[in-house]
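Working notes for the structure below.
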Amino acid sequence: MTNERPNWDEYFLMMAKLAATRSTCLAFPVGAVIVQNNQILATGYNGSPSGSIHCTAQGYCYPGLSSCDASRTMPSRAVHAEANAIAFAAKHGIATAGASIYVTLEPCVSCLKLIISAGIKKVFYETIFNSGEKALVRDHFMKEGLVSLTQIQLSEETAKRAASFLLNPTSVPKLSNPIIDHNYTIIKGD
């Protein structure tokens, strides 16, 4: 029998992906999870500042601008997922020194500086973001030993199993070939 449990990196990346489902950004959803000793300290997702109307609620970022990535000059209204997770930890007195962060998108240079300043030493991300001069800055921080960045992916097997858990009741007895009605009640099993 194979080990069906996700490894820690997959587990925390899936948690970051779930956090991204709360995003209110029209450009793209991002989620982040700060972890220490395999325990979640804080989560965050990108969206407008607390108390400000959500871009998803108003249907645009700025009047006349459908999403923040549609302009090269207007700054994004969104607080990035990493910044929101760090702000949550700070607001609630949770120390992040020596922690790791799992993010669905590689942190931008500004968030990477914030991560370093928060004492977070390891960044695990799913999708590449930085290129060109921004990648040079990122690489300089890594060469200085301030932070490490590692790209990770979910295995197809883990993703399918997680999807099954999300789409079906999980806390039911394991029966071989159960028949489930539309109310998710087990009727009969072999």
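Treat the numbers as computed from the prediction; the structure is a model and nothing was measured.
Considering all non-hydrogen atoms of both residues, Leu41 and Ala99 come closest at CD1-CB, 4.2 Å. The shortest non-hydrogen separation linking Ala78 to Ser76 is N-OG, 3.0 Å. The shortest heavy-atom contact between Cys108 and Asn130 is CA-OD1, 3.9 Å. Counting all heavy atoms, side chain and backbone alike, Cys111 lies closest to Ala83 at SG-N, 4.5 Å. Of all heavy-atom pairs between Ala42 and Ala85, the closest is CB-O, 3.5 Å. Nearest heavy-atom pair, Pro29 versus Ala20, reported as atom, atom and distance to 0.1 Å: CB-O, 3.5 Å.
No side-chain donor-acceptor contact under 3.5 Å links Asn37 to the backbone of Gln39. The backbone N or O of Tyr60 lies less than 3.5 Å from a partner atom in the side chain of Gln58, making a donor-acceptor pair. When atom types are taken as modelled, the side chain of Thr96 and the backbone of Ala118 share a donor-acceptor pair closer than 3.5 angstrom. Under the 3.5 Å distance criterion, the side-chain polar atoms of Glu126 are left unmatched by any main-chain donor or acceptor of Gln153.
By the criterion of side-chain heavy atoms lying less than 4.5 angstrom apart, applied directly or through intervening Ile, Leu, Val, Met, Phe, Trp or Tyr residues, Phe129 is grouped together with Val109 in one hydrophobic cluster. Linking ILVMFWY residues whenever their side-chain heavy atoms come closer than 4.5 Å, directly or via other members, places Ile128 and Met142 in the same cluster. By the criterion of side-chain heavy atoms lying less than 4.5 angstrom apart, applied directly or through intervening Ile, Leu, Val, Met, Phe, Trp or Tyr residues, Leu112 is grouped together with Phe28 in one hydrophobic cluster. Cluster membership check: Tyr125 shares its hydrophobic cluster with Val137, using side-chain heavy-atom separations under 4.5 Å among Ile, Leu, Val, Met, Phe, Trp and Tyr. Cluster annotation: Ile40 is connected to Ile152 through the hydrophobic network of ILVMFWY side chains, with a link wherever side-chain heavy atoms come within less than 4.5 Å.
Once rounded to the nearest 0.5 Å, the distance linking NZ of Lys122 with OG1 of Thr150 reads 8.0 Å. Note that CE of Met15 is 6.5 Å distant from CG of Leu18, once rounded to the nearest 0.5 Å. The distance from atom NZ of Lys160 to atom OG of Ser155, rounded to the nearest 0.5 Å, is 10.0 Å. To the nearest 0.5 Å, atoms CG (Leu13) and OG1 (Thr104) are separated by 8.0 Å. Atom CD1 of residue Ile86 and atom OG of residue Ser117 lie 8.5 Å apart, to the nearest 0.5 angstrom. Annotation: the span from Phe12 atom CZ to Ile34 atom CD1 amounts to 12.5 Å, rounded to 0.5 Å.
Between Tyr62 and Pro75, the closest side-chain pair of non-hydrogen atoms falls below 4.5 Å. Inter-residue side-chain proximity for Val123 and Tyr102 is flagged as unmet; no heavy-atom pair is nearer than 4.5 Å. Contact of the Thr21 side chain with the Tyr45 side chain is not registered, since no non-hydrogen atoms from C-beta on lie closer than 4.5 Å. The shortest side-chain heavy-atom distance between Ser23 and Val30 does not fall under the 4.5 Å cut-off. Counting heavy atoms from C-beta outward, Phe124 and Ile101 have side chains that stay 4.5 Å or more apart. For the pair Thr56 and Leu26, the minimum side-chain heavy-atom distance is below 4.5 Å. Considering only heavy atoms from C-beta on, Ile53 comes within 4.5 Å of Arg77 through its side chain. Proximity of Asn46 to Leu105: side-chain heavy atoms (C-beta onward) are nowhere separated by under 4.5 Å.
Using cut-offs of 30° and 60° for the angle between ring planes, the Trp8 and Tyr11 rings count as perpendicular.
Side-chain polar atoms of Glu10 and Thr158 form a donor-acceptor pair below 3.5 angstrom.
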**Prompt:** How far apart are the C-alpha atoms of Glu82 and Leu114, what are their side-chain angles, what is the distance that settles it, and do they pass the side-chain contact (heavy atoms from CB on, under 4.5 Å) test?
**Reply:** CA-CA 8 Å; Glu82 307 92 306; Leu114 182 61; 6.0 Å; no
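Counting only residues at least two apart or on different chains, the salt bridge (charged side-chain N to carboxylate O under 4.0 Å, His left out) pairs with a member in residues 98-108 are Glu106-Arg138.
Within a 6.0 Å radius of CZ in Arg161, other residues, nucleotides and ligands contribute more than 12 heavy atoms. For Glu144, the CD atom counts as densely surrounded, since its 6.0 Å shell holds more than 12 non-hydrogen atoms of other residues, nucleotides or ligands.
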